[in-house]
Protein chains: 2
Amino acid sequence: MNSKSSPGAASARQRRRLGVEIKDSLRELSNQLSLLNHQVGGHLGLKDVDFDCLDVIVRHGPLTPSALARHAGLHPATVTGILDRLQRGGWVVRERDPEAADRRAVTVRALPERQSEVYGLFRGMNSAMDELCDGYSEDELRLLARFLKDTAQAGRTAADALAGE
Amino acid sequence: MNSKSSPGAASARQRRRLGVEIKDSLRELSNQLSLLNHQVGGHLGLKDVDFDCLDVIVRHGPLTPSALARHAGLHPATVTGILDRLQRGGWVVRERDPEAADRRAVTVRALPERQSEVYGLFRGMNSAMDELCDGYSEDELRLLARFLKDTAQAGRTAADALAGE
DNA sequence: TCCATATGATATGAGAACCATAGCAGAGAG
DNA sequence: CTCTCTGCTATGGTTCTCATATCATATGGA
C-alpha cells in the first residue's frame, strides 16, 4: 500500500504551512515597522502615540477628537493632550466650523506641508521598497497592492472587534 | 503624428503607479496593525511600548537589556522599567548565567506559555488572514510570504540606519 | 416650551512612565 | 595595577495618561 499522501493532501498541507508563514511574517513586519516608526518619530520629536495619531489624521482626513479617540482606542482626555502637542508642533490645526450642525465639535486637520519631513525620513525604506518592487511583474505588483489593502482592512476590522469587547 | 507613448513607457508608468500604491498601502497597513496592537495590548494590560518589546523578545529569542534597548531605540533606564513591568506581569524572566563570559549580563527570556493569550486576541485577525489566503494559489502565497519577509528586513535596515544618524 | 439626560472638548490632579544622571559591579586595555 | 568603559539598575524631575469634573451644546420626551 502506498503510504504517501495524495497530491491534493500534500498541497493543502503546503498551503496551510504557507498561511502560517504569511501570518508570522506579518507579525514580524508589524514589529519592524513599529520600530521604524519609533525612529522616525524620534527624529521629528514625536512620541509613538503622537506619530500614530498624526498618521490616522493624515490618512483619514480631518476628523473630530472624539472620532480620533474611538479610532485609536484612547481616552478623550488623552487625545486632548496629544492634539495639544501636535498643534504646538505645527503638525495639525484645530478648527471650529460656525456653520456646523454641532457647534461643540472641533475638526482636526493635518498640515500637509509638514508631511515632506515625514516622507524624507522614510526615504531609506521607500528606496528599498522601490528596489524590491523592481523584481516583480506588473501583475504581481497588483496582487501585492491588493493583498496589503485587504490585510489593512482585516486589521481595522479586528481592532474594531476588540474595541467592542 | 501619434502622440501615444510606447507600450514600454506606459508599462513603466503603470509600474511606478503600482509602486506608489504599494508603499501607501504599507503605511496604511502599518497604521492599522499599530492600532490593532494597541487594542490587543489593552486587553492584556500591556502598554504599547511593553507590547512592542515583548514582541521583539518573543521573535528574536532571549536577549540582554542593552541589546533590547538598542534594537527598540530606547534608553537603557527605560528598558529597565519596561522589563520590570513585563516580569511583574509574568511575561518574561530575567536570568543571569553564572558561566557567561560577562557576569554583569542579564538575559531576558519570554515565557512561551503566556503567548497563547496573545494569540487568542489575534484570532479575529488570523481568521481573516486565513480567508484572505484561501483566495491565492500556492505560488502566490509563496510570493506574498517572500515579499513580507523582504519588506520586514527593509524596515529593520531603515530603522537601523535612522538609529545611526 | 421646558426639563432631564447625553455628548464634545477640555481642565485638573493623582498616579505612572520616561530618561538624564549617578552608582555599583564587572570588563578591557595599556 | 590603574584607568576607562560598559551593563544594569536606582533616583528624581519632568512629562504623560486618564478618571473625574466642568462648561457648552445637543437631543428626546413630556
Side-chain angles (χ1 to χ4, degrees), chain A residues 34-35 37-39 41-54 56-57 60 62-89 91-109 163, chain B residues 34-35 37-39 41-54 56-57 60 62-89 91-109 163:
Chain A
S34 188
L35 299 173
N37 287 345
H38 175 78
Q39 292 290 344
H43 277 71
L44 298 170
L46 291 172
K47 299 186 176 313
D48 291 350
V49 70
D50 297 358
F51 184 92
D52 283 341
C53 286
L54 178 59
V56 169
I57 299 166
H60 183 282
L63 73 182
T64 66
S66 300
L68 178 57
R70 279 192 297 275
H71 197 90
L74 296 164
H75 195 281
T78 304
V79 169
T80 294
I82 291 167
L83 293 180
D84 283 348
R85 296 197 292 271
L86 287 176
Q87 184 174 3
R88 199 160 53 235
W91 296 99
V92 303
V93 290
R94 274 159 158 137
E95 296 170 326
R96 281 186 192 275
D97 182 0
E99 320 231 344
D102 189 340
R103 287 183 294 120
R104 297 171 300 179
V106 155
T107 298
V108 185
R109 180 167 61 78
Chain B
S34 188
L35 299 173
N37 287 345
H38 176 78
Q39 291 292 343
H43 276 71
L44 299 170
L46 291 173
K47 300 188 176 310
D48 290 351
V49 71
D50 297 357
F51 183 93
D52 283 342
C53 287
L54 178 59
V56 169
I57 298 165
H60 183 283
L63 73 181
T64 65
S66 300
L68 179 57
R70 278 191 298 277
H71 196 92
L74 296 166
H75 195 280
T78 303
V79 169
T80 293
I82 290 168
L83 293 180
D84 282 348
R85 295 195 294 269
L86 288 176
Q87 185 173 3
R88 197 159 53 235
W91 296 99
V92 303
V93 290
R94 274 159 158 137
E95 294 170 327
R96 281 186 192 278
D97 182 359
E99 320 233 344
D102 189 340
R103 288 184 292 120
R104 297 171 299 177
V106 157
T107 299
V108 185
R109 180 167 62 77

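Chain letters run A, B, ... following the sequence lines, proteins first, then strands; residues in each count from 1.
Atom-to-atom, CG of A:Asp52 to P of D:dC16 comes out at 16 Å; the value is rounded to the nearest Å. Spacing between atom CG of A:Asp97 and atom P of C:dA9 amounts to 13 Å, rounded to whole angstrom units. In this structure, B:Arg96 atom CZ and C:dA27 atom P are separated by 11 Å, rounded to whole Å. Atom CG of B:Leu46 is separated from atom P of C:dA16 by 17 Å (rounded to the nearest Å). Between the CG atom of B:Asp48 and the P atom of D:dT17 there is a distance of 10 Å, rounded to whole Å.
Non-hydrogen atoms lying under 4.0 Å from DNA chain C are contributed by B:His75, B:Ala77, B:Thr78, B:Arg85, all within residues 67-85 of chain B.
Looking at which nucleotide of DNA chain D each of B:Thr64 and A:Ala101 is closest to, the 5′-most match is held by B:Thr64. When the nearest nucleotides of DNA chain D are assigned to A:Asp102 and A:Lys47 by heavy-atom distance, the more 5′-ward of the two goes with A:Lys47.
Looking only at side-chain heavy atoms (C-beta outward), B:Asn37 and B:Asp48 stay at 4.5 Å or farther from each other.
Between B:Cys53 and B:Ala72, the closest heavy-atom pair is SG-CB, 4.3 Å. Minimum heavy-atom separation, B:Val106 to B:Pro65: O-CD, 3.3 Å. Closest of all the heavy-atom pairs between A:Gln87 and A:Arg94 is OE1-NH1, 2.7 Å.
Within the structure, a side-chain polar atom (N or O) of A:Arg103 is placed less than 4.0 Å from OP1 or OP2 of D:dA26.
To the nearest 0.5 Å, atom NE2 of residue B:His71 and atom NE2 of residue B:His60 are 6.5 Å apart. Rounded to the nearest 0.5 Å, atoms CG (B:Leu46) and CG (B:Leu54) are 6.5 Å apart.
Nearest to the side-chain atoms of A:Arg94 among the listed nucleotides D:dC16, D:dT17, C:dT10 stands C:dT10.
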